Structure formats: C-alpha cells, structure tokens
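Sharing a structure below in structure tokens format, with a few things to ask.
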Amino acid sequence: MIRERLKVIVDACFAKGVSEGKWSDAAAEKYTVEAPKREGQGDFSTNMAMVMAGMEKKNPRELAGTLVEILSGEDEIIERLEIAGPGFVNIFLKPAVWQEVLRPILKAGDNFGRSTIGNGKKVLVEFVSANPTGPLSIGHGRQAILGDAIARLLEITGHEVFREYYFNDAGRQMRVLGESTRARYLELQDLPSTFPEDGYQGQYIKDIAQALFDEKGDSLNTQEDAKPFTEKAVELIFENISGTLERMGVHFDNYFNEHSLYDNGHIDSVVSELREKGLVYEKDDAVWFKTSDFGQEQDRVIIKSSGEPTYRLPDIAYHREKFRRNFDWMVDVFGSDHIATVPDVMSGLEALGYDSSKVTVVLHQFVTLTRHGKLVKMSTRKATFVTVDELLDEVGTDVARFYLMMRKADSQLEFDLDLAAKQEKDNPVYYVQYGHARLCSILRRAKEMGIDVEKLEQADLSLLVEAEELQLLKTIAAFPASVESAALDLAPHRAIFFLMELAGELHSYYNKHKVIDPENVPQAVTQARLCLVAGVQQVFKNGLLMLGLNAPEKM
RNA sequence: GCGCCAGUAGCUCAGCUGGAUAGAGCAACGGCCUUCUAAGCCGUAGGUCACAGGUUCGACCCCUGUCUGGCGUACCA
C-alpha cells in the first residue's frame, strides 16, 4: 500500500526529470522502488540512477544527485533521502506514514488482504485428478493442498474460481482393480483365485472384498465379469478419497468424468477435426497426431491399434471442453510425472485453434518421504506408500497443510514423518499460530482490564516509535502485495514465508516490549500498542484463514 | 542420448522482473520465566550459492559448457 503510493511520487519525479531535460525516458518502467533487505538503507530504495546510467552514459551517482534534488520537493511523506553504494537513492519515510497504516487495516478487518486485481476473471483450477484405484498418497496430498491454496489465493484476489477434479473410472486400470478385488473376494472364502500380476496389493482391496462379501455373500463366486467388483471398488475408494479431501479441507465444484467425453462424442470430434486439418494419419494400424508440426521431436499415437485411445486424446478433448466452458484462465496442477502430456495437450489445443497460453501448468516435484531416517519408496500398486489419511492421523490437518504448501512447486519436498509427528513444539506451524494466540491473549487481557477495545482507533499512533513497532507496521502494510504476488505467481509458499517472517518479528517485539503494564507503560502508549496488536493479529488471522489453516485464539 | 526440475550453512529449504555486507527454521553451543502464553526471546558458531568460463556499473539469479540427483522420454495414465 505504501510502496504503491511512493512509486507514484517517484514516477512523477522521473517524468519531471524527463521534461526538464535531465535524462531521457528510456528508463521508464525499468527501474524499481523496493524495500531494501538490509536495515539502515531506507524504507525504500530506487535503482533508477543506475538503470539510467548505462542508457545516458552518465555517472550513476551524479544522476542520483539530480534525482534527490527533484525528490526533495516531495516532503509530504518523505523525511529524508540519501545516495548510497553505487547509486541507490534510499528513501526514508516519516514514521507517521507507517503509523497511519493501522487505521485502514483495522477498518478493513477480515477483508484486509483481499483485492480485486483478478477483475472477476474466470479461472478453472484442476487438481488432484487421481483415478479411483486407491487411497490418496502423500504425493496427491501435496497436489491437493497446492491446488487448494492456489484456488484460495486466486479467490481472495478477485478471481472467479472453479475447482475441478478430473477422473477416469473406466479402462484397463479399472479392470485390474476389479480383478484384484475379485481375487481377494475368493481368497477370503478360501477359494482358489488368481491375483493379477500387476494387481493392486494394498490392504484396502481386502477391505473392499470383505465389504462386498458382507453385502452380497457368496453370490458373486461364479461371476465371470469383473464389473460388479470394479463398481464396488470404485464406489468405496471414491468414498475414501472424498473423506480424505474433506479432512484436509479441500472441496471441489465439479468432478469431471473422463468417460463423459466418450459418451458426448467429444473424443470422436477431436479426431475428426484434427483429421480435417490434415494433422493425423494412420500408421501400423494406429492413429498418429502430427505433434512434430508443433515443434516436438516426434509424432504421437492418439488411438492405439486396438482401437483404444491413448491418454493424450481424452486429455486434449477435456481441455477443449475447458475452453468451451469459457474460462479466461486454466490452471492445471500436475505431478512432475505428467510432464510428457503437457506439450501434447498444448499442441492439441493449438491444432484445434485455441490459445494455449491461457493454460498454465503448475508441475510439482515429488514428495520424498523419510521415516526412521530412511527413504520410503512409494507405489500405489504395491501399496508401499503412505496415505494422506495416515499422515493426517499422525500430524493433524494444519501441520500437513502447512508442510505441503511450504515449498515451491519446483522443489522436491522432503517430508520427515518422525519429525513432523514429534515436532509438536519446534514446528513452524505452531510458531505462526502461537503468534496469533499470543496477540489474542493480550487483547483478552485488555478487555479484562476494562480497556475499551472499540475506541482503539482513536489512539495516538504517533506513540509507536520503537524500531520493532515500525518494522511490524511495515510488514503488515506489505501483506496485500505479498498475497497478490503469491496468487498471481501461483506460489502459495510465499504466503507461508510471509507469515513466518511476521511471526519472527512479533515474537521479538513481544519479548522486548510490554503492551499492558500500568506501572511502566503509560496508558496512551498501551492504547497505541493495542492498536498495533489488533492490526498484527488481524493479519495473522487473515493470512492463516486464507491458506485454510486455523487461527487459534488460545494454545 | 534428448527434454523438464533441482544442486545455497551439518539437515530441510527461502531468495519474486539481475542490485548494496548471503537468509530462515531445525540441529550445536552459551544465556533469559515472582512481569501481557518459554509452542517464545537474546547471543555464538556455521557458506568457494555444484564446477568452469562469459555478459555488465553490478550475477545465487541471465548465457555457454561440465558434473551430480529426481522425473519423463510407451500403441501405461
């Protein structure tokens, strides 16, 4: 909020310099106004002089001097200026600028941090999209949390968000699932059975078989078709997946069934459209898509010689339906093992005349699990994975959510189960939540002492002069920009880091300065500090809730 | 072989479009609770930002090459 205000002033001064012939407008939009990392380098700093130096063939420090001359006329919010290092202009603002940020924050309340930059843009976020072959693994968990956090961030920045889960309950995988279930079903009756070679080996298949036996008895013993087994398995697995998602606080607006693409003729129409454009051909009894026309190394099969489509074809058809449903932006959250499909889908969309730049794919790297210091290898088929449910049992929803969104998607995420479970105290989740709880505790105490919280806004904020106080004010003032950056860059981990930084500053302040202390702190100062406490508490609360985390008032 | 991602403190990781003296949390070591919650704070220690070149006023960031790890590279999804 403050940075934007200052940027306007700096831009005006740049323009003034241009009109006065001090420099050309070549550097317009190229320089930045940023908060320096280090203390003592001003509230903000601009590199304008250095950016201009190369273009103007002039000494950066000289240019900086000129800039300072122009800027010094702007004394409404600027206290002083200095030229530093190779030509930075450091800008020190009047403390009142920071002190006054509290009023709008308290006024905005739960809405502080929300914005309208999304401008009502319709966004489809597709994530999880696991086929019903087993419980959600921790990898799916990462995707669920990442996608959910992205969706939440886009929502509060003014996008119209639609969450979708794409799944397939037909085809070869499902046959194997049904056959695996049947084998377990016969097995539990001590009847001869043949477990498929590539069958699903998890305990959950046995549970499904048992449920089926409890329901139908031995009436399925002579069943040749695996279909009733598949149907039961899908039903129960989906129940399980929905339950897990519910526990994690993840909801979808729609479950899109791949099979509907066949029923509605979308698969066929994609093929015929591509055929009309001369982009498919037959070879070795299979149908090939000329992906080489779109810069790829080789063409790809879209219909196998058996007549069955490969995964690419429905993927393309599905994305075409996304476009037909008029979304302005489509965000796909995939695991990195799906990387191969991305260029194929993009090529398909281009071929069908759609602007594939409206699709953004967030590929997240794998979650590597360690338990007892050893790497846990994961495979759904062999059931050697850790399920999201088990994770939630061990560490709880908040810890799971926090850990799974704390890393950027590009990084592999190591989840140490022992650590997450035992780390009840030295846990970043609690570090942040504790900050919120502590502030709530102060506000409670204020109330008990009869300090009228309603009147806080009338406090004399100029009494907030401690370095830690100004730092907290600067940080919370940057909250909306931080949310925007996390949302637009689809990077929820930045919001997490913001909260951890705020928590660090808060805990330091808490230990150094007392808010309520009638004997040592004047009442007016207490009033002002309570305002700060309320503002910071509000930011913690908004930040935690927007990420789907709890903001406990007591811990 | 080729493509994508990663390589930053003992460990796990931040570092947003190139900016000033490299950041956090764990772990280690030394301190702080008759005072608003010690799930906290303060201090110490810890680095050739994988390696080698290049671009420039300035490189963890951009370019080239090399090495290491992960994921792909199916008529599996």
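Everything quoted here is computed from the prediction, not taken from an experiment. Every chain is numbered from 1, with letters handed out A, B, ... down the list of sequences.
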**Q.** Between A6(B) (P) and Glu414(A) (CD): distance, integer Å
**A.** 18 Å
Q.
For a quick check of understanding: with a heavy-atom distance under 4.0 Å over all strands, which category does Ala53(A) fall into, base, sugar-phosphate or nothing?
A. nothing
Q. With a 4.0 Å cut-off on heavy atoms, is Glu308(A) in touch with a base, just the backbone sugar-phosphate, or nothing at all?
A. nothing
Q. Rounded to whole angstroms, how far apart are CG on Asp198(A) and P on A77(B)?
A. 13 Å
**Q.** Spacing between Ile339(A) atom CD1 and G70(B) atom P, to the nearest angstrom
**A.** 16 Å
Q: Check every strand shown and say whether Ser411(A) touches a base, only sugar-phosphate, or nothing at a heavy-atom separation below 4.0 Å.
A: sugar-phosphate
Q. To the nearest Å, how far apart are Leu502(A) CG and A24(B) P?
A. 16 Å
Q. How do Asn131(A) and Phe88(A) order along RNA chain B: which one's closest nucleotide is nearer the 5' end?
A. Phe88(A)
Q. Would you say the base of C75(B) and the side-chain of Ser306(A) have a donor-acceptor pair closer than 3.5 Å?
A. no
Q) Using 4.0 Å as the upper bound for N to carboxylate O, is an ion pair formed by Lys322(A) and Glu126(A)? A) yes
Q: Respond yes when some side-chain nitrogen or oxygen of Tyr403(A) is under 4.0 Å from OP1 or OP2 of C26(B), and no when none is.
A: no
Q: Take atom CD of Gln41(A) and atom C1' of U21(B), then tell me their distance rounded to the nearest Å.
A: 9 Å
(Q) Tell me if the side-chain of Asn47(A) makes a donor-acceptor pair with the base of G19(B), cut-off 3.5 Å, by modelled atom types. (A) yes
(Q) Regarding Lys408(A), tell me which of base, sugar-phosphate or nothing describes its non-hydrogen contacts under 4.0 Å with the strands shown. (A) sugar-phosphate
Q: Give one of base, sugar-phosphate or nothing for His493(A), where a contact means two heavy atoms less than 4.0 Å apart.
A: sugar-phosphate
Q.
I want to check one thing: is the phosphate of C5(B), taken as OP1 and OP2, less than 4.0 Å away from some side-chain N or O of His364(A)?
A. no
**Q.** 4.5 Å side-chain heavy-atom contact, Leu472(A) and Leu532(A)
**A.** yes
Q: Give a yes/no answer on whether the side chain of Lys30(A) brings an N or O atom under 4.0 Å of OP1 or OP2 in U17(B).
A: no
Q: If the glycosidic angle is within 90 degrees of 0 it's syn, otherwise anti, so just tell me which one C61(B) is.
A: anti
Q | Donor-acceptor pair under 3.5 Å, Tyr430(A) side chain vs A39(B) base | A | no
Q: Would you classify Leu363(A) as touching base, sugar-phosphate or nothing, given that sugar-phosphate means primed atoms plus P, OP1 and OP2, and contacts are heavy atoms under 4.0 Å?
A: nothing
Q. Are side-chain N/O atoms of Tyr403(A) and Asp416(A) paired as donor and acceptor at under 3.5 Å?
A. no
Q.
With no hydrogens and no angle check, just 3.5 Å: does a side-chain donor-acceptor pair link Glu505(A) and Thr475(A)?
A. yes
Q) Hey, mind stepping through Arg172(A) and Asp198(A) against salt bridge (charged side-chain N to carboxylate O under 4.0 Å, His left out) and telling me if it holds? A) CA-CA 11 Å; Arg172(A) 205 189 71 89; Asp198(A) 54 352; 3.3 Å; yes
(Q) Any side-chain N or O of Ser508(A) below 4.0 angstrom from OP1/OP2 of C42(B)? (A) yes
**Q.** Phosphate contact (C76(B) OP1 or OP2) by Lys304(A) side-chain N/O below 4.0 Å
**A.** yes
Q: For C26(B), give its Watson-Crick or G-U wobble partner with both distances under 3.5 Å, or none.
A: G10(B)
Q: Would you please confirm or rule out a distance under 4.0 Å between OP1 or OP2 of A77(B) and any side-chain N or O of Arg312(A)?
A: no
Q. How about Lys7(A): does its NZ atom have over 12 heavy atoms from other parts shown lying under 6.0 Å from it?
A. yes
Q: For Val515(A) and for Asn168(A), find the nucleotide of RNA chain B with the closest heavy atom, then tell me which residue's nucleotide is more 5'.
A: Val515(A)
Q) Lys37(A) NZ to G58(B) P: how many Å, rounded? A) 18 Å
Q.
Under 4.0 Å, counting only non-hydrogen atoms across every strand here, what does Gln296(A) touch: a base, just sugar-phosphate, or nothing?
A. nothing
Q.
So, OP1 or OP2 of G23(B): does either fall under 4.0 Å of a side-chain N or O from Arg38(A)?
A. yes
Q: Take the protein atom CE of Met555(A) and the nucleotide atom C1' of C36(B), then report the distance between them rounded to whole Å.
A: 17 Å
(Q) Is the phosphate of A20(B) approached by Ser45(A) (side-chain N or O, under 4.0 Å from OP1 or OP2)? (A) no
Q.
Using a heavy-atom cut-off of 4.0 Å across all strands, would you classify Asp410(A) as base, sugar-phosphate, or nothing?
A. sugar-phosphate
Q | Under 3.5 Å donor-acceptor, His364(A) side chain and Phe334(A) backbone | A | yes
Q. Which part of the nucleic acid, if any, lies within contact of Ala446(A), taking any heavy atom under 4.0 Å across all strands shown: a base, the sugar-phosphate backbone alone, or nothing?
A. nothing
